[in-house]
Every structure is written in C-alpha cells, then in structure tokens.
Amino acid sequence: MIIALAGNQNSGKTTLFNQLTGSNQHVGNFPGVTVDVKEGISKSDKSVKLVDLPGIYSLSPYSGEEILARDFLLKEHPDGIINIIDGTSLERGLYLSMQLLQLNIPMVIAINMMDEVFANGIVIKTNILSDYLKVPIIPISANKNEGIDDLMKAMIDLIKNKCAPPRQDFCSGPVHRTLHATAHILEDHAQRASVPASFAAVKIIEGDEPMLNDLSLGKNEKDMIEHGIVEMENELSMDRMAAIADMRYQYIEEITQKAVVRPKTDKHHDKTIKIDNILTHKIFGIPIFLSIMFVIFWLTFAVVGSFLSDLLSGGIDSLASVVSKGLNNFGINPVVESLVVDGVFAGVGSVLSFVPTIIVLFFLLSLLEDSGYMARVAFIMDKLLRKIGLSGKSIVPMLIGFGCTVPAIMATRTLTSDRDKKMTVFLTPFMSCSAKLPIYSVFAMAFFTKYRAVVMIAMYVIGILLAIVAALISRKFVFKGNPIPFVMELPNYRLPTAKNTMLLLWEKTKDFITRAFTIIFIASIVIWFLNKFDIRFNAVENSKDSILALIGSFIAPIFIPLGFGNWMASTALITGFMAKEAVVSTFAVLLSTQTESISSQLGTIFDPISAFAFLLFTLLYTPCVAAIAAVKRELGTKSMFVVVLLQTSLAYVIALIFYRIAILF
Amino acid sequence: MKLIDYVIIAIVAAIVILVIWYLVKNRKKGCSSCGSCSACPYSGQCEDEKKDKKQENK
C-alpha cells in the first residue's frame with residue numbers, strides 16, 4: 001500500500017512523514033526543504049509505504065519539484081493521497097487540493113498546524129469543508145503528534161474500500177462548458193494514457209505540453225478543443241490560464257466563506273509583518289543579516305564554542321597522556337606506542353576537539369532556520385545576487401555550502417536554468433564548509449590569538465567576496481544572460497522547536513564524529529606510517545628522512561613564493577584534498593603533538609604572514625574529493641577539471657598576491 | 001617486539017579494515033563521504049542513483 005504525502009511548501013509534510021515513519025528527515029521553517037521524493041515505512045502498519053513529495057502549489061510542470069510530484073502521482077499510481085494543508089493559509093492549500101481531487105485516487109485532507117489555527121482565533125468547520133470537497137477532512141498538529149492516528153485510519157479505510165473522490169464540478173458557465181466538451185473529446189486518449197479525463201481536460205485547457213504529448217491528440221481534436229477554448233476566452237474576456245485559476249479561486253472563496261471564521265486581525269501574521277518590516281528592510285535588511293551572522297560567529301569562535309573546544313581538547317590530551325603512560329609501563333615498542341599516541345590520538349583527537357564548535361555554530365544556525373529567518377535571507381539577498389548574475393534561488397545551495405559542499409552542489413538540481421546551475425556549482429566551493437573550520441581555528445589560535453574571532457569571520461567573508469568577484473567576471477565572459485526570476489513564499493515566524501533543533505544538531509555532530517573516526521582515522525594512520533618510515537621501511541629518528549618528507553619535498557618548492565614551502569605544509573594540503581579536516585590531523589601527526597599544542601608547534605613552520613597566506617590557500621584551493629565527484633556528476637568531467645584548476649589557480653594567485661604585498665610592510 | 005605489540009598492531013589493522021569496509025559499503029549505497037543521509041535534503045537523489053545503477057546492472 002503506497003500513500004503519497006502532497007501539499008504546499010512548508011505545510012509540514014516532512015514533519016508528518018517523520019511522525020508516521022519514525023524517520024529523522026531534515027525539517028525546516030524554509031520553503032523547499034524537501035526537493036525530492038522520500039520513502040519510508042509506516043510505524044504502525046509495516047505494509048504501508050509513505051512517500052514524502054516535494055512541496056508544490058499546483059500540478060503544472062513548471063519547476064523540477066512540480067514535475068517530480070506530478071510524475072509520481074500520475075505514473076506511479078499511489079493507492080492514496082494525504083493532502084496536507086497549512087490551516088493558517090487554507091485558501092492557498094485548497095488550490096492544490098482541487099487538482100488532486102481530479103486524480104481519481106482515494107484522498108484525505110489533513111489540516112495541519114491546528115495549534116496555530118486555534119492560537120490565531122481561526123475556526124475551521126471541517127464538516128462543511130468535507131461536505132463540499134467530498135473527502136474526509138482531519139485536523140492535525142503534526143508537530144505535536146495530534147490527530148495522526150485518526151488521519152491514518154481514515155486513509156487506510158478509504159484505500160481498503162477503494163473510495164476515490166467522486167467526480168465533481170467546481171464551476172458553471174463557460175469554463176464548465178469548455179471543460180466538459182474538452183473532456184468528452186479526449187476521453188479515449190485519456191483512458192489510453194491512464195489519466196482521468198477531467199484532469200486531462202483542465203491541463204489541456206491550461207496548455208500543458210507534457211499532457212498534450214501523453215494524450216497524442218489528432219489535428220482535428222486539437223482544433224476542436226482550441227475552438228472551444230477561444231470561445232471561452234472571448235466570453236470571459238480573460239486568457240485560458242486566468243480562467244481556470246479564477247474558477248478555482250471562486251470555488252475556494254465560496255467554501256471558505258462558509259467553512260472558515262477568521263478574527264478581524266490575524267495576530268500571528270501581523271506580528272510577522274511587523275518583524276519583516278525591520279528584518280527585510282530595503283536599506284537595513286543586509287546590515288542586520290551581517291550583524292546577526294557576526295554575533296553567531298563571535299559566539300561560536302570567541303566565546304562559547306572555543307571555550308568548550310579548548311576544554312575537550314584538554315580532555316583528549318589527558319587521555320592520550322594516560323594511554324601513553326600505560327603503554328610505556330607495559331614496555332610497548334616505541335614505534336607501536338607512536339602509532340597509538342601520535343597516529344590515532346593526535347590525528348583523530350585534533351579533529352574531534354572541534355565538535356563543540358560545530359555544535360554551537362549549527363545550534364545557532366538552526367535557530368535562524370527554524371524561526372523562518374533563513375527564508376528572509378534568500379529574499380534580501382535576491383537583489384544582490386541578481387546584480388552579480390545569480391538567481392535568488394542560488395542562495396539555498398550556497399547556504400547549504402556552509403555546512404558541506406557535496407549536498408550544496410546537488411542542491412543546484414533545483415535550479416531550472418542551466419546557466420544558473422553551472423554558475424552556482426562554480427561558486428559554491430567559495431563558501432567555507434564546516435570541515436575548513438578546524439583549520440581556521442587552529443591557525444587563528446596559533447598566530448592571531450587576540451583576533452581569533454575576527455580572523456575566522458574574515459575567512460568566511462573573504463570567501464563570499466571572492467565569490468562575488470568571480471561571479472562578476474564569469475558573468476561577463478562565460479555565463480552571459482540573465483538569471484531566471486525568483487519567487488518564494490515567506491513563512492510566518494515561529495519559535496524554533498526543541499525537537500527540530502536537536503535533530504539537526506545530532507545529525508551534524510554525528511556526521512562530524514563519523515568523519516573523524518573514518519576518513520580522518522585512515523588518513524592519520526597513512527600519514528603516520530609515511531612519516532615514521534623511510535623508503536626501505538626502516539623506522540626513522542627524524543621525520544626529515546621519511547617517505548612523506550621525500551614526497552612533500554617534491555611539491556614544497558611550488559609553495560616557496562607563497563611563504564610556506566615546507567614539506568609538512570605541502571603534505572597537509574595534499575591530505576586536505578581527501579577531506580579538509582585532514583589538514584589539521586596531518587599537522588598533529590607530523591608535529592607529533594597533542595591536540596592542545598598544535599597551535600604552538602605551528603610557529604616552527606609558519607610566521608603570521610605565511611600562516612594567513614596558507615589560510616587563504618586552504619580557503620580557496622580545490623574542494624575535497626567528494627565535492628569534486630559531485631561536480632563531475634552534475635556537470636561532467638570537463639567542468640570538473642575546470643573547477644579544480646580554476647579554484648587551485650585562484651588560491652595560488654590570491655595567496656601569492658597577499659604574501660608578496662604583506663612582506664613589504 | 002613482544003606479543004602485546006603484535007596484538008595492538010592487529011587491533012589497529014582490524015579497525016582500518018572495518019573503516020574501509022564501512023566507507024566502501026556506503027559508497028556502494030550511493031552515499032558520498034558527506035556523511036549522514038537523513039540530514040541531507042537531497043538524499044533521495046542518491047537513492048535514485050542507487051536504483052538506476054541496480055537497474056543498469058540487471
């Protein structure tokens with residue numbers, strides 16, 4: 001039994017999906033969190049498969065999400081549909097419901113966010129709605145797990161009894177006449193294409209190209225239908241699209257007038273508008289956003305996050321000392337002891353100590369996302385992005401890029417224009433992913449202790465500024481043309497929920513820890529081995545004689561003009577290609593030092609100027625191997641090489657310019 | 001080298017093999033090294049690729 005969850009963006013489909021399946025899919029107060037089809041098995045009935053569809057406003061094939069949802073509903077033929085509507089904006093939700101009702105699939109309408117409906121003083125008479133739409137209407141609050149059992153029971157009963165919504169007319173007059181005439185003409189074709197004739201008729205009148213192709217109508221039939229539509233347009237003095245939309249809205253107005261009682265003022269929405277007047281202000285919107293980000297970074301890198309990270313690294317060092325002493329007491333071979341202490345503890349521990357910083361950063365960012373502010377960021381940045389040739393929609397992949405470049409690059413699939421997609425993929429690696437955070441932190445601590453937070457924020461800002469410069473240049477020479485317009489619904493502000501925040505935090509933390517114990521662990525062991533033995537596999541006293549020093553010394557001369565022509569620095573850059581956190585773990589292994597003292601040891605390889613040049617290089621040089629694979633998947637091999645070469649060349653040039661100018665002073 | 005040294009080396013080697021096996025298994029699943037799928041709003045796309053690959057193999 002397959003049940004599809006369909007509804008508008010940000011109506012709470014994924015929250016309901018998580019409640020029904022026990023999954024922990026990402027939920028956010030941000031339209032378009034789900035951009036693909038997600039499947040899960042119902043907790044209460046293992047024979048029920050639930051499919052979470054992306055948020056859509058209609059079944060017209062305009063955006064990728066709409067095509068995906070529509071294809072699923074029309075071609076996969078689910079046994080039932082749960083149509084989720086945000087109770088605070090019922091009218092908009094019903095616009096989609098009217099189209100879903102024509103699919104001839106058993107359907108239940110779940111009116112979600114009933115807690116907010118009550119809080120706003122809105123009354124929804126579900127029995128009247130049900131009488132009009134002829135499907136069960138179940139009020140729920142997915143967030144609070146209320147009404148979910150009733151919803152599933154109603155859905156399963158309908159499926160078992162094969163109760164599809166009866167065919168109904170939503171209008172009268174010219175539109176009604178044209179719809180019936182069109183449905184009559186194309187009925188045979190619709191049957192062959194396994195599409196309900198009434199649904200096909202509406203889509204054909206709307207000029208839906210994929211539907212026209214699916215039905216394979218003859219020339220005579222097309223002419224007859226066109227003649228009827230033109231007559232309807234003349235009679236109503238409006239075009240076909242407007243006529244269909246008008247028909248739906250008239251019907252919705254009729255229902256809601258009888259079924260919904262609203263207070264004179266919507267307190268929640270009024271509050272949202274008041275806050276928006278400040279946060280999305282024409283002039284102050286961007287400075288406010290930058291100030292909020294500054295406070296977040298300051299709290300993370302200078303106050304809470306750094307304090308907790310220092311505490312944890314102290315703990316890891318103490319544990320390493322205890323293990324080291326224990327191994328010594330057992331008379332363990334010094335090389336084996338070095339493997340455990342300098343390889344495993346130093347390598348993995350150096351990255352692990354940044355878990356608190358990551359937790360604090362993503363905790364604060366999740367508060368912004370869950371409150372609805374991130375949607376406003378996309379809105380206020382749209383104007384700026386358009387000036388540099390990007391669509392406001394590109395902000396979504398770019399924001400994801402601050403977490404990880406891989407899903408950010410995959411997120412560009414939602415961009416409908418090929419030009420916008422390529423440009424966004426090209427610019428996303430400029431955003432500092434969370435894996436670069438340990439590098440910035442260690443170097444800022446070592447060389448810019450007083451200005452630690454400023455340097456860390458500067459790295460993020462420099463990445464964004466260089467992305468803007470790169471966008472302006474590429475717009476002139478490579479990505480000519482204009483970005484597509486960006487339309488997005490701004491959700492009401494909400495208090496972030498503890499569950500969503502904790503879920504996001506857990507996922508980010510789990511991800512970071514998993515990487516530390518997998519990729520970083522392997523990289524640390526390999527680096528330790530190459531650093532501990534020479535080419536005859538004899539243990540070396542001085543790491544200058546090691547295999548790694550030999551490899552590093554081949555590459556090191558390239559970086560002499562940048563001020564860090566040391567074999568250790570070049571080795572760290574190579575391992576950073578596997579995963580950016582590996583830069584820090586490599587230094588920890590190479591310097592055979594404890595987590596807390598990496599910063600002080602780095603002073604033996606770098607001075608403050610070369611350290612900043614190194615930071616600039618790591619900020620900009622080639623993304624990690626997983627991100628490169630994502631670029632290859634999205635744009636092909638040629639573009640992948642272009643991205644790697646361009647990023648690395650740019651990193652080299654910027655670090656070179658900085659170093660050469662800085663040493664003059 | 002004593003027996004305990006060999007035991008420690010064997011434990012580290014076993015962990016390395018397990019980690020590599022885990023990474024290869026995830027790679028085959030369609031997950032890249034970006035980590036946990038449930039946190040990713042685009043994980044379904046990896047699943048699609050996995051299905052496509054299975055179909056191609058068939």
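Hydrogens, waters and symmetry mates are skipped; everything else that's a heavy atom, side chains included, is used. All of these numbers come straight from a predicted model, not from anything done at the bench. In what follows, every chain begins at residue 1, and chains take the letters A, B, ... in the order their sequences are listed.
- No more than 12 heavy-atom neighbours from other residues, nucleotides or ligands sit within 6.0 angstrom of NZ on A:K632.
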Exercise answer: donor-acceptor pairs, residues 5-19 of chain B side-chain atoms, under 3.5 Å, sequence neighbours excluded:
from	atom 1	to	atom 2	distance (Å)
B:D5	OD1	A:N333	N	3.0
B:D5	OD2	B:K2	N	2.9

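- Taking OH of B:Y22 as the reference point, atom CD1 of A:I519 lies at 9.5 Å (rounded to 0.5 Å).
- If you take CG on B:L23 and CZ on A:F521, they are separated by 11.0 Å, rounding to the nearest 0.5 Å.
- In this structure, chain B has heavy atoms under 4.5 Å from both the backbone and the side chain of A:T518.
- When heavy atoms are compared at a cutoff of 4.5 Å, A:V340 approaches chain B solely by way of its side chain, counted from C-beta outward.
- Residues meeting the side-chain contact (heavy atoms from CB on, under 4.5 Å) test with A:F330, sequence neighbours left out: A:I332.
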